[in-house]
Amino acid sequence: MPALLDAQALHDQLALHGLIIPSGLPGAYGRGAAFEHVIERFDALVMRSDEGKRAQRMTFPPIVAREMASAAAAGQRWEHGLDITDGMLVPAACYPVYPTFSGLLPQGGRTVTVLGWCYRHEPSIEPTRLQSFRMREFIRVGAPSLVEAWRDAWLDRGIVLLESLGLDARSDTANDPFFGRSGRMLAQSQKEQRLKFEIMVPVMRDRAPTALCSFNWHQQHFTGKFGVVNHDGEPAHTACLGFGLERMAIALFATHGFRLRDWPASVRALLEIDAAIDDPAGAVVKQ
Ligand code: ATP
Ligand code: ZN
Ligand code: MG
């Protein structure tokens with residue numbers, strides 16, 4: 001396995017291998033053929049899972065009504081400075097899904113999945129921090145206990161999935177270091193309250209591990225706004241789980257090398273990677 005590079009060196013190697021195509025605007029790269037192939041194969045792997053097969057698929061343009069966006073992201077800085085009258089670019093792929101939920105839910109709630117472009121005004125030299133990128137998201141709506149169980153399932157599943165791809169994945173749900181018997185109870189209740197977790201992987205030598213996958217439990221934030229209730233009349237909750245697809249691809253290239261043909265055979269097999277895509281006609285790959 002190659003050693004991790006600094007943020008700048010990682011950017012330069014991704015560009016040299018034609019994986020990202022600098023545009024002059026930080027965080028706004030074009031994507032080369034092998035890079036897109038990895039994104040497409042990772043997404044296909046996720047969609048082959050039971051969850052992927054069961055979830056209801058939806059596709060939206062990367063824009064939502066301004067009222068919805070401001071309600072969902074009050075106070076976040078991406079909202080400012082966009083000169084759009086009635087629509088706003090979405091910071092997360094799940095935003096357009098919540099307004100589609102209304103009224104009484106079926107027993108067992110619903111699970112929706114979307115793949116969408118997101119926009120965030122956070123220009124950076126880190127190749128993992130883009131101004132526009134894609135997320136594969138799963139959105140769960142249902143009874144609080146169902147949503148909580150779904151969170152726990154994804155926490156395991158997310159780590160197992162990334163580890164199966166040879167990534168050094170850790171979740172950030174570790175509780176604070178309490179000691180003793182009462183401490184263990186405190187730690188447990190802290191864990192149980194967890195509304196957000198991330199799955200992190202080391203990608204750059206000079207940066208903390210990068211979040212590839214994030215889970216957010218919104219409780220009644222959206223269901224309250226859109227009047228969504230469970231089949232039994234009790235308040236419903238929502239939560240979402242998103243994979244940053246460009247970050248996933250970059251983590252794989254940083255970990256396994258910039259040429260698909262150098263990747264471990266097990267990783268290529270799991271993703272069904274076509275290593276011939278390494279050398280698109282006309283690409284100049286300098287070493
Ligand atoms: P970070 O702490 O790195 O800023 P975040 O907490 O903002 O991440 P979320 O808002 O939970 O991340 O977004 C969900 C997922 O989208 C993240 O797990 C990550 O994979 C991806 N993501 C977030 N911001 C970016 C970005 N600027 N460029 C590329 N991918 C991103
Ligand atoms: Zn989301
Ligand atoms: Mg962020």
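Read the numbers this way: they start at 1 and go in the same order the structure lists the ligands and their atoms. Since we're looking at a predicted model, the values are computed, not measured.
The protein heavy-atom contact nearest to atom 2 (O) of ligand 1 is Glu198 OE2, 4.1 Å. Protein heavy atom closest to atom 8 (O) of ligand 1, with residue, atom name and distance, is Arg247 NH1, 3.8 Å. Considering only non-hydrogen protein atoms, atom 17 (C) of ligand 1 sits nearest to Ser214 OG, 3.4 Å. Nearest protein heavy-atom contact of atom 28 (N) of ligand 1 is Leu130 N, 2.8 Å. Taking atom 29 (C) of ligand 1 as the reference point, the nearest protein heavy-atom neighbour is Thr128 O, 3.3 Å. The closest protein non-hydrogen atom to atom 7 (O) of ligand 1 is Arg120 NH1, 2.9 Å. Atom 19 (C) of ligand 1 has its closest protein heavy atom at Ala211 O, 3.3 Å. Of all protein heavy atoms, the one closest to atom 27 (N) of ligand 1 is Glu122 OE2, 2.5 Å.
Note that CG of Leu161 is 7.0 Å distant from CE of Met248, once rounded to the nearest 0.5 Å. For the atom pair CD (Gln56) and OG1 (Thr113), the distance works out to 10.5 Å, reported to the nearest 0.5 Å. Summarising the geometry, atom CZ belonging to Phe258 is positioned 5.0 Å from atom CG belonging to Leu14; distances are rounded to the nearest 0.5 Å.
In this structure, Trp154 and Trp150 have perpendicular ring planes: the angle between them is above 60°, well past the 30° mark. Ring geometry for Phe42 versus Phe243: interplanar angle over 60°, hence perpendicular rather than tilted (30 to 60°).
Distance alone, capped at 3.5 Å, places no donor-acceptor pair between the Glu198 side chain and the Ala211 backbone. Judged purely by atom type and a 3.5 angstrom limit, Thr210 has no side-chain atom pairing as donor or acceptor with the backbone of Val203.
Geometrically, ligand 1 and Gly244 share a nitrogen or oxygen pair separated by less than 3.5 Å. At under 3.5 Å, not a single nitrogen or oxygen of Phe243, backbone or side chain, sits near a nitrogen or oxygen of ligand 1.
Between Asp43 and Arg136 there is a salt bridge, since a side-chain N of the basic residue sits under 4.0 Å from a carboxylate O of the acidic one. Salt-bridge check for Arg170 with Asp172: failed, with every basic side-chain N at 4.0 Å or more from each acidic carboxylate O. Under 4.0 Å is where a charged nitrogen must lie from a carboxylate oxygen, and between Asp6 and Arg205 at least one such pair does.
Atom 31 (C) of ligand 1 has its nearest heavy-atom neighbour, among Tyr119, Phe197, Phe133, in Phe133. Here atom 16 (O) of ligand 1 lies nearest to Met135 when heavy atoms of Arg207, Gln131, Met135 are compared.
Protein contacts to the Zn ion (ligand 2) involving N, O or S atoms at a distance below 2.8 Å are Cys94 SG, Glu137 OE1, Cys240 SG.
Set against the non-hydrogen atoms of Cys213, the atoms of ligand 1 under 4.0 Å away are 18 (O). Atoms of ligand 1 lying under 4.0 Å from at least one heavy atom of Leu212, given by number and element, are 18 (O), 20 (O).
Checked against the 6.0 Å centroid criterion, the rings of Tyr98 and His221 do not qualify as a close aromatic pair. No close placement of the His17 and Phe253 rings is indicated, their centers lying 6.0 Å or farther apart.
Residue contact check for ligand 1: Lys196 places a non-hydrogen atom closer than 4.0 Å to it.
With a heavy-atom cut-off of 4.0 Å, Ser124 does not touch ligand 1 at all. Both the backbone and the side chain of Arg129 come within contact range of ligand 1, each with a heavy atom under 4.0 Å. Proximity of Glu246 to ligand 1, defined as any heavy-atom pair under 4.0 Å, is not found for any part of the residue.
A single hydrophobic cluster is not seen to contain both Val46 and Trp117; linkage of ILVMFWY side chains at heavy-atom distances under 4.5 Å, directly or through other members, places them apart.
Arg31 pairs in a side-chain hydrogen bond (donor to acceptor under 3.5 Å, both in side chains) with only one of the listed residues (His37, Glu246, Glu36), which is Glu246. Looking at Ile273, Val38, Leu260, Val201 one by one, the single match for side-chain contact (heavy atoms from CB on, under 4.5 Å) with Leu252 turns out to be Val38.
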